[in-house]
Every structure is written in structure tokens, then in C-alpha cells.
Amino acid sequence: MDVSDYAACDATELASLIASGQVSASQVQSAAATALDQVDSELAAVVGDRFDPLDYNADGPFSGVPFAIKDLIIHAAGVPQRNGSRLFGGGVTYPYDSHLMARFRRAGLATMAVTTSPEMGFNATTEAKAYGKPTRNPWDTTRSPGGSSGGSAALVAAGALPTAHANDGGGSIRIPAAACGLVGLKPSRGRVSPGPDYSDPLLGMGIEFAVTRTVRDCASLFDAVAGTEPGDKYLFPSAVDSFAESAARESRPLRVAVSVDSGDPRRPVDQQCVLSVKAVAAQLESMGHLVEYAAPSIDMEMFNRANLDAWCSFLAQAVAGAGEQLGFTPGTDHLEATTLACAEYGAKLGARDVFAVENVFNTVRREYARFLGSYDVILTPTTSSPNTELGHLDADDDALDAQGWADKIFEFGSFTAISNATGNPAISLPLCTSSEGWPIGIQFIGAYGDEAKLLALAGDLEKAMPWEHRRPTVFAR
């Protein structure tokens, strides 16, 4: 299979070609290997070396389709995991798959690489010191692909993979999807199992899934891997219809609340992002949806403090736990400056502080539930600007304390973190472009458990405002 033909296909089409015998799985994977080597020389998105495909279910819906997993949270048996940090050296290996990894295998995905992550996932770019090089955006290699799933997003956007694993604790699926021109769905809390190693990662904010180039891939992959496992904290009933069917079905007229205000005067929003949201709102009106400018009433100062404490308490536990297992006290030789500052701040928090975080999240969650009783979805920019320059979000800046670092990250990701705290599903779609030709992501937030409505709307917008014809500067050929 020719590399350019391979790169032009989404995962659904590749699976169909393999299943019909028009190409073999090995031919597709050979093209993927060539494409990965080709683009990664410019993007630096693969951790270590790519490898021969891991075992997968030949009867799965995506049998033989090339795939990669992010170097954070998820793990495959025998494959080193570094969490983007020098703390773990060459990586920690597990003798078993995490539940989601097992589901990816059962879906038939052929995992061929591990993708880059910022250290411990706490960044909106992907420039970890552990890898030696920053990961670059295929649309403009002077820009960041976003984070923390920037490695996966860069490779999918560049045509090296049709889809790749991603996770999201404050926007880490949606931010790189926006920066790289992809579809990025953050599912509802509990919809995808984080087990067996985690119950509620990041106080419930950490969510697992993937990035894709098309809505149909997003929906079909979600069908394949969504679901709970024995011992999970949350139990979702099975969906009445498949998510793929929802995405293919025209959405009914929806009540859409539009907001272009970050809620914090210290976090300005680029006018190109504002105008893009307004253009999408106008498109929705022309499609028969009811559009109003409105937003939930949230005390953003209170939320931002709770979000900081949630992240830092999680980092403190992760760093201390790793140090105990490895037999040394982590310091500047093992961690980037802001990771260390956040872990040290988090270590000073007490039980009352952590319970106070949940009290704030409860308030925010109930306000979102109230608001979404009047509206079907909330429309916002995904990020406050189309992307950032490489080096802007420098996690090794020792001039920043924990508060300063969180302020810097969430100035860019000011629209994404709320739905991590509430547990609501949210999706970023690459509906618009900037004057520079960069993608601009548009976010939709839905009611808890209602991914089907988001995917139906996404499918409609993919037809009305198509992005398939757009190609970044770095693209497999």
C-alpha cells in the first residue's frame, strides 16, 4: 500500500480495506511504519523506537489498523512507560495490560508506538525534557501541538496514524485536537475504564480515550472501547443505540448556549477564536438550531483555586509514591521545576483542603446540570488562542511557583478544565482556521452521559463545515 494512499484513509476505511481483502494488514502496517519514520523526523512525537505491532484481535472492528498509545496512565504489558518524566528513567514495565489497552487490542488496533507526553501530563504543550526534543505541530513546526496528548495529535494530524490514544485531565484531548485540527472527544466520567491501576484519577478529572481525524472514527472507536470493568467506581448502562449510529443520524433541533468569555479577566480570548465561535453559531442557526448567548454562573476564582489544589495533590501523591518505589527522593535531577514546585505545594495540603476541592466541584457540577436542563449543549472556543509558540509553556521555568504555573497553562486552556471537574462530555471539532492557516478548535459540552447528542451534532457539522480537505505542512506522502 502506498504511503500517500494510507495517509488519506481514516481508520474506518482502512479497516474496510483490510476486511475486504483489498490490502493486507501487514501492507497497511508497513505503510504506517514508513509514514511514522517520515514525519517523526520533523515532529519528534514517538517515544524511543516504534516497534512491531503488538498482538491484537483479528476479528475486531478495527482489525489491523495502526495505532499508538500515549506515554501516560495507560500501559501495555512489557512496554516501558515513562509518564514523560526523567524520574522513571528508561521506563517502568507492567506484566499486564490496563483495561483500556485490553479493549484497544480487542478492537483490533495494532499498536506500533508510544507517543510523547509532558511530564506527568501537567502541561498544555508536549515538550518534556525526558525526551530531549519538543514535539512539534505539523501545521507549523515552530508551534506547539498542544498537550498533554500532543504526540498522539501530531502523528494523527500528519497522517502517520489514523487514530491514537489520548487522555484528558484539564483539556489534554481537546487542546491538542484543537491545535492540530482533529476530532477530540472527552467522554463522561466513568464511561471509559481507568482500571485496574486507577479508580478516579486526578480526583475524577482524568479521562481516557483517543484523537481521530473523522467523526465516524471517533464514534466507532468509542463504541469499541467504552464500558465499565468489574471494580470500577462508575457503572454506565449500555447505550440503546451505537454511537456510530448516532453520529450518522441527523441531530434534532438543539438549544445551544454560546459563550466566548473565559470568565476570568486575566485570561483574554484571541479575536480569531471569538469570531470562529460566532461563525459556528451562525451556521447552527441556519441549520435550524436555537442559539442564545448564555453561560453557567461559576465563581471562576473559586474554581481555579480548587483546580490547582486538585492537580497539585495528585502530583504530590504521584511523585512521593514513585520516590518510595524507586528508593530515592525526587529532585531537580529527576523532575522539571514546575512539577517539583506543584508537588511540593500539594504535599502541604491536608485532608480538609482535598475535601474542599470536592465541595467546589460539587457546586460547579450542580450548576452545569441546572444550566444544561435549559440547553442541550454549550458552544465555546476550545482554547483561548489557536495554539502557542514552542517554549511558551516552559515547565522547567524555576521562576514559577505552583500558582504561577497553573495560571499560565489555564490561560491557554481556560475553556476546557470545567468539564473535567463536572464530568460532562465535551468534544473539540476543527471547524475553523486562523489567518495563518492554523486550525481553530470549537468545543461543545453536553449533559452528563449524553455523548450521543454531541456526536450527532458533530456529524452534522462535519458535513456542513468539512475539514477533510485541509492538510498540514508536515504530512505523510
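Below, each value reflects all heavy atoms present in this structure, side chains not excepted, and no hydrogens, waters or symmetry copies.
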Student: Do other residues, nucleotides or ligands put more than 12 heavy atoms under 6.0 Å from R252 CZ?
Tutor: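 Enclosed.
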
Student: Please report the C-alpha distance between E411 and K408 in whole Å, then the side-chain angles of each, then the deciding distance to 0.1 Å, and finally whether the salt bridge (Lys or Arg N to Asp or Glu O under 4.0 Å) criterion is met.
Tutor: CA-CA 5 Å; E411 179 181 352; K408 195 164 188 178; over 6 Å; no

Student: Using salt bridge (Lys or Arg N to Asp or Glu O under 4.0 Å), reason through E358 and R365 one step at a time and then give a plain yes or no.
Tutor: CA-CA 10 Å; E358 175 49 31; R365 187 163 54 242; 2.7 Å; yes

Student: For the CE atom of M287 and the CG atom of L254, what is their distance to the nearest 0.5 Å?
Tutor: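 Separation between the atoms: 9.0 Å.
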
Student: Classify the ring geometry of F104 against H165: parallel below 30°, tilted from 30° to 60°, perpendicular beyond 60°.
Tutor: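 Ring orientation, 0 to 90° scale: perpendicular.
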
Student: When you check the gap from the basic side-chain N to the acidic O, do E451 and R191 get nearer than 4.0 Å?
Tutor: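 Counted as a salt bridge, because a side-chain N and a carboxylate O are separated by less than 4.0 Å.
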
Student: On the 0 to 90° scale, with breaks at 30° and 60°, tag the W311-F122 ring pair as parallel, tilted or perpendicular.
Tutor: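 Aromatic pair W311/F122 classed parallel.
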
Student: For D241, is there an ion pair with R249 - N to carboxylate O distance below 4.0 angstrom?
Tutor: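 Answer for the salt bridge query: yes.
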
Student: What are the two closest non-hydrogen atoms of V319 and A343, and how far apart are they?
Tutor: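 For V319 versus A343, the nearest heavy atoms are CG2-CB, 4.0 Å.
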
Student: In plain terms, say whether R267 and D264 are close enough for a salt bridge, that is, a side-chain N and a carboxylate O under 4.0 Å apart.
Tutor: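 Yes, this pair counts.
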
Student: Could you tell me if the ring centre of Y448 sits under 6.0 Å from that of F236?
Tutor: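 That pair passes the under 6.0 Å test.
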
Student: Students often mix this up, so state it plainly: with edges at 30° and 60°, are the rings of H75 and Y94 parallel, tilted or perpendicular?
Tutor: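 Answer is parallel, since the angle falls under 30°.
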
